[in-house]
Amino acid sequence: MQIKNLMSEELITIDKDQNLSDALKLLRKHNVSRLPVTNNKQLVGIISERDIADKLGSSKYESMPASRLHISSVMVKDVITVPETMQLDEVAKLMLENGIGSVPVMNDEGMVGIVSKADFVTLAVGIAFDKITVKEIMTKDLIAVSSTERLVHARRLMKDSHVGRLPVVDDEKLAGMVTSKDLMRAFIDFRKKVPEKYQKSQIKEVLVEDIMSMNPTFTSKDATISEVAKIMMETGYNGLPVVEGTNVVGIITQTDILRLIEKLES
């Protein structure tokens, strides 16, 4: 299958000279996690919730409001793109090798679409995926935080581990989830509520429990990939903790499913 048959043709873009507040409004309005960035209608970058959370949490920008940050200073400039005729498994392999969540799709006239891990997840429903269980492809080496750890520690852990979500685990039990979206919103709300002169000291007092999602959706080791894919499609979640009894034993993400699809397709 060529990638043009899977990509989303609805392109929601933002100009590089707009500010971060504009990007936040677009992300929220269209319920997407990334935006292609353009200059005179030409693709020049891409910006994601993870990029925003990382930038807003850095010491360089820690006191700067979103309205003063231009897209060009936050976006990823070296954008990997694919031609619309590229095969599905080749695109999946490219995304996995480069650790990226989406790629703009191009033809001779320019950008014609975008494909994300979420698009690939829609393929993971059917007879073949009814026969594969979560325990066969889940990530067992769990990267997690406790509810009493600091927000800045969660941000650093996500950045260093190249993940977009962390299960919150207290006494081996699932207490919540914290995602790039949660971090992004927390940093923005913090800037609005705390005077600039106090931000550097007070940001260290914000804890994971202050921003995490409570009662997160989870799955079991014996659930099928079809079942998990349907949950992801219905909720928009990028990953689900895997729970056995009361203990968290792993996590299954869109990346795990993308890796499976790439293997089956190739």
Side-chain angles (χ1 to χ4, degrees), residues 33 48-50 53 92-93 95-102 116-149 151 153-183 207-209 211-266:
S33 58
S48 68
E49 290 173 341
R50 195 186 297 190
K93 185 178 180 181
M95 291 170 69
L96 289 165
E97 288 177 345
N98 290 278
I100 51 179
S102 67
S116 69
K117 291 177 184 176
D119 294 314
F120 278 92
V121 168
T122 64
L123 300 174
V125 177
I127 296 174
F129 297 94
D130 286 336
K131 299 176 181 178
I132 304 170
T133 59
V134 167
K135 62 188 172 188
E136 295 176 62
I137 71 164
M138 71 181 195
T139 300
K140 297 174 184 176
D141 296 329
L142 192 66
I143 301 168
V145 288
S146 72
S147 61
T148 55
E149 289 185 278
L151 165 67
H153 170 71
R155 171 196 167 269
R156 172 52 59 184
L157 192 56
M158 279 192 193
K159 180 177 173 61
D160 291 347
S161 306
H162 306 291
V163 297
R165 68 210 55 79
L166 297 169
V168 183
V169 180
D170 292 333
D171 298 323
E172 297 187 356
K173 296 179 181 178
L174 183 66
M177 283 286 286
V178 61
T179 67
S180 295
K181 186 190 293 288
D182 296 324
L183 289 184
L207 304 179
V208 168
E209 64 186 358
I211 69 158
M212 70 184 189
S213 300
M214 306 285 285
N215 303 313
T217 302
F218 58 87
T219 189
S220 71
K221 292 195 302 182
D222 296 321
T224 68
I225 301 307
S226 282
E227 291 170 335
V228 169
K230 287 174 184 175
I231 293 172
M232 288 181 176
M233 289 159 60
E234 289 167 3
T235 62
Y237 295 155
N238 297 334
L240 302 176
V242 182
V243 175
E244 185 175 23
T246 59
N247 294 347
V248 185
V249 294
I251 188 168
I252 183 163
T253 68
Q254 289 180 342
T255 302
D256 297 316
I257 294 177
L258 180 65
R259 191 176 292 112
L260 173 64
I261 290 171
E262 190 273 330
K263 181 180 178 182
L264 293 177
E265 287 286 329
S266 61

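Heavy atoms only: backbone and side chains are in, while hydrogens, waters and symmetry mates are out.
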Are side-chain heavy atoms of [X] and [Y] found at a separation under 4.5 Å?
X: Lys135; Y: Val249; result: no
X: Tyr237; Y: Val228; result: no
X: Ser213; Y: Thr179; result: no

So Phe120 and Leu260, side chain to side chain contact (heavy atoms under 4.5 Å, CB included) or not? Walk me through it.
CA-CA 10 Å; Phe120 278 92; Leu260 173 64; over 6 Å; no

Under the side chain to side chain contact (heavy atoms under 4.5 Å, CB included) rule, what do Met212 and Ser147 come out as? Steps first, then yes or no, please.
CA-CA 8 Å; Met212 70 184 189; Ser147 61; 4.3 Å; yes

Do the side chains of Lys173 and Asp170 get close enough for a salt bridge, i.e. N-O under 4.0 angstrom?
no

If you count every heavy atom of other residues, nucleotides or ligands that lies below 6.0 Å from [X] atom [atom1], does the total exceed 12?
X: Glu136; atom1: CD; value: yes
X: Asp160; atom1: CG; value: yes
X: Asn98; atom1: CG; value: yes

Criterion side chain to side chain contact (heavy atoms under 4.5 Å, CB included) on Arg259 and Ile137, from CA distance to verdict
CA-CA 9 Å; Arg259 191 176 292 112; Ile137 71 164; over 6 Å; no

To the nearest 0.5 angstrom, please state how far the [atom1] atom of [X] sits from the [atom2] atom of [Y].
X: Ile251; Y: Ile143; atom1: CD1; atom2: CD1; value: 9.0 Å
X: Ile231; Y: Thr219; atom1: CD1; atom2: OG1; value: 5.5 Å
X: Leu240; Y: Ser220; atom1: CG; atom2: OG; value: 10.5 Å
X: Ile252; Y: Lys221; atom1: CD1; atom2: NZ; value: 13.0 Å
X: Ile132; Y: Leu264; atom1: CD1; atom2: CG; value: 5.0 Å
X: Asn215; Y: Met177; atom1: CG; atom2: CE; value: 13.0 Å

Scan side-chain atoms only and decide if Asp119 and Thr122 contain a donor-acceptor pair under the 3.5 Å cut-off.
no

Among side-chain atoms of Lys117 and Thr255, is any donor-acceptor pair under 3.5 angstrom?
yes

Nearest atoms (heavy-atom pairs only) where [X] meets [Y]:
X: Ser146; Y: Val168; answer: C-CG1, 3.7 Å
X: Leu174; Y: Pro216; answer: CD2-CG, 3.6 Å
X: Met233; Y: Val125; answer: SD-CG2, 4.0 Å
X: Asn238; Y: Met232; answer: O-CE, 3.8 Å
X: Ala229; Y: Ala124; answer: CB-O, 3.5 Å
X: Asp222; Y: Thr133; answer: O-CG2, 3.8 Å

Taking Gly126's backbone N and O only, do any of them form a donor-acceptor pair with Ser226's side chain (distance below 3.5 Å, no angle check)?
yes

